[in-house]
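To start, the structure itself, in structure tokens.
No experiment lies behind these values; they were computed from the predicted model shown.
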Amino acid sequence: ADALVNPAALEVCDGLDNDCDGEADEGLVGYLDQDGDGFGVGDEQCIDDAPVATVDGDCDDADPAMHPYNPEVFDGLDNDCDEAVDELRVWDATTVWTEDATEYCAGEMVTAVGETLVIGGFCAELGWTYSPGRAWFVDPSATGEQPLDDAVYLYGGGNEAVGKGSVALSDSQVALSAGLSWWVGQTQDPHIYVIDLPVTQTGQASDAAVATITGVSGNDLLVVTQGYDVDADGDADLLATARGYPDWDGSAFVFNGPLSGNHGYNDADLRVAGENGSCEEIVHLHAGEEGLLVSGYGYGSSGCWGYHGAVRYFADVPTGTVQSTDADLSIVGSESQVRIGASVAFYDWDGDGTEEILAGTYEDIYLFEAGLSGTVSEEDATWVIQGVNTLTLEDGHLFLGNTRKGELLLYSVPEDPPAYYTGWYLPQEVAALHLVEEPWFGDSIALTDGMLWVGSPGNTDKQQPGFVYGFPWGF
């Protein structure tokens, strides 16, 4: 007789049927699972003094947040043990905002404004006709599938594309673009509407506005670009561009905040006018600690529509009316179709405490060291990030995307940048996050507390509704 073998005995690793149930060592053969997540490591063996799992493949047996089939989240870890970090797809989203129909193409814009998420959409149909656009105001704490049809929204008048763009001016105020008049063949005036939050009822944007900026009818394509305290008085100022005003040279404007009432271009505290006769098409205005960036990708070095593109850098922010050619630095595309200036930003890429200039084309992002002056081209860039055509700064994080491929990447600058940060390289090599979905996925993004929001605009011609996906954010 063996005293270790009886119905009340505990099963141990000895090859015996200790508890007299007809099986030996049952429940003890498997893989060491020290973090108790159900996935183990090492060789299959009998273990009676530590947790055991029947499935192996755990890539970190000290962290229960890392194991096969675990949902991937934005936290810098390989949550699902597939040897890739933060490689999310749409099915990893914990919240999805969408529209039932395809009339408004939700996802064209998404902006975080305090405790509100502003989602915009407008549709371009065949024949260049547009919906009036909508801006929905939703709760970013919602989870699961959320229908935009139930949300409060503001809409444009006529063919105003209210859902084209927005910027936060404070935690309780947003500025909405409503200006694509030339594209829709209209002669109505384009507008920017400043809206106080919360928006509690559906209505026309012009009726809800506490301030309105009115452009010149015809072709100026008035668009908000940033809310930033340019004059350092404690209130955010409104930055905007009018690509077609005047005569496609374009203009960039700063309206000092806080704003109320009605305004026109002549009320701007700063206007940067595009080079006369160049068709500069100023489309971006970006302010930062290092100064002001103005860009127009239509600029031609020998006349209109050369599409060399130009980025203008002002180290000190001017006032009044100035010419883009008054800038301290002009970055001009070296040849036709380069289109430098399709995107711009200041960003401390190398972590040395000084922001560099990022200037994008439709194919690559070029980085220029601080201290340059005069006129240079993209060939004078220190670094280039290949294969990306959008850049977005959100709360100090740099997101780069290739909307044609539906890729979105997050870059984090290490404390000691490796050698391959200098020179030419593919962005995936140093990306902390990599999302891949349908074309135009990642065209708009926003960050709220604990969540990253990514827009994927709809398409009326293909009868595809728009979506905004919310992913847990751990950085």
If only atom types and distance count, is the side chain of [X] paired as donor or acceptor with the main-chain N or O of [Y] below 3.5 Å?
{"X": "Ser373", "Y": "Leu329", "result": "no"}
{"X": "Asp348", "Y": "Gly353", "result": "yes"}
{"X": "Asp58", "Y": "Val41", "result": "no"}
{"X": "Ser170", "Y": "Ser172", "result": "yes"}
{"X": "Asp237", "Y": "Asp231", "result": "yes"}
{"X": "Thr95", "Y": "Gly470", "result": "no"}
{"X": "Thr225", "Y": "His286", "result": "no"}

Determine the minimum heavy-atom distance between [X] and [Y], stating which atoms define it.
{"X": "Asp316", "Y": "Asp328", "value": "N-OD2, 4.2 Å"}
{"X": "Tyr313", "Y": "Gly291", "value": "CE1-CA, 4.4 Å"}
{"X": "Ile192", "Y": "Ala240", "value": "CD1-CB, 3.6 Å"}
{"X": "Val162", "Y": "Ala205", "value": "CG2-CB, 4.3 Å"}
{"X": "Leu222", "Y": "Ser177", "value": "O-CB, 4.0 Å"}
{"X": "Gly234", "Y": "Asp229", "value": "N-OD2, 2.8 Å"}

Got more than 12 heavy atoms from elsewhere within 6.0 Å of CG, Asp207? yes

Please indicate whether Glu394 has more than 12 foreign heavy atoms, meaning atoms of other residues, nucleotides or ligands, lying under 6.0 Å from its CD. yes

Checking side-chain contact (heavy atoms from CB on, under 4.5 Å) against Val174, which of Thr116, Leu154, Val199, Ile195 comes through? Ile195

Distance-only criterion, 3.5 Å: show the donor-acceptor pairs between side-chain atoms of residues 10-17 and protein atoms not counting sequence neighbours.
{"from": "Glu11", "atom 1": "OE1", "to": "Asn18", "atom 2": "N", "distance (Å)": "3.4"}
{"from": "Glu11", "atom 1": "OE1", "to": "Asp19", "atom 2": "N", "distance (Å)": "3.4"}
{"from": "Glu11", "atom 1": "OE2", "to": "Asn18", "atom 2": "N", "distance (Å)": "3.4"}
{"from": "Glu11", "atom 1": "OE2", "to": "Asp25", "atom 2": "N", "distance (Å)": "2.7"}
{"from": "Asp14", "atom 1": "OD1", "to": "Leu16", "atom 2": "N", "distance (Å)": "2.9"}
{"from": "Asp14", "atom 1": "OD2", "to": "Asn18", "atom 2": "ND2", "distance (Å)": "2.9"}
{"from": "Asp17", "atom 1": "OD1", "to": "Cys20", "atom 2": "N", "distance (Å)": "3.2"}
{"from": "Asp17", "atom 1": "OD1", "to": "Asp21", "atom 2": "N", "distance (Å)": "3.2"}
{"from": "Asp17", "atom 1": "OD2", "to": "Asp21", "atom 2": "N", "distance (Å)": "3.2"}
{"from": "Asp17", "atom 1": "OD2", "to": "Gly22", "atom 2": "N", "distance (Å)": "2.7"}

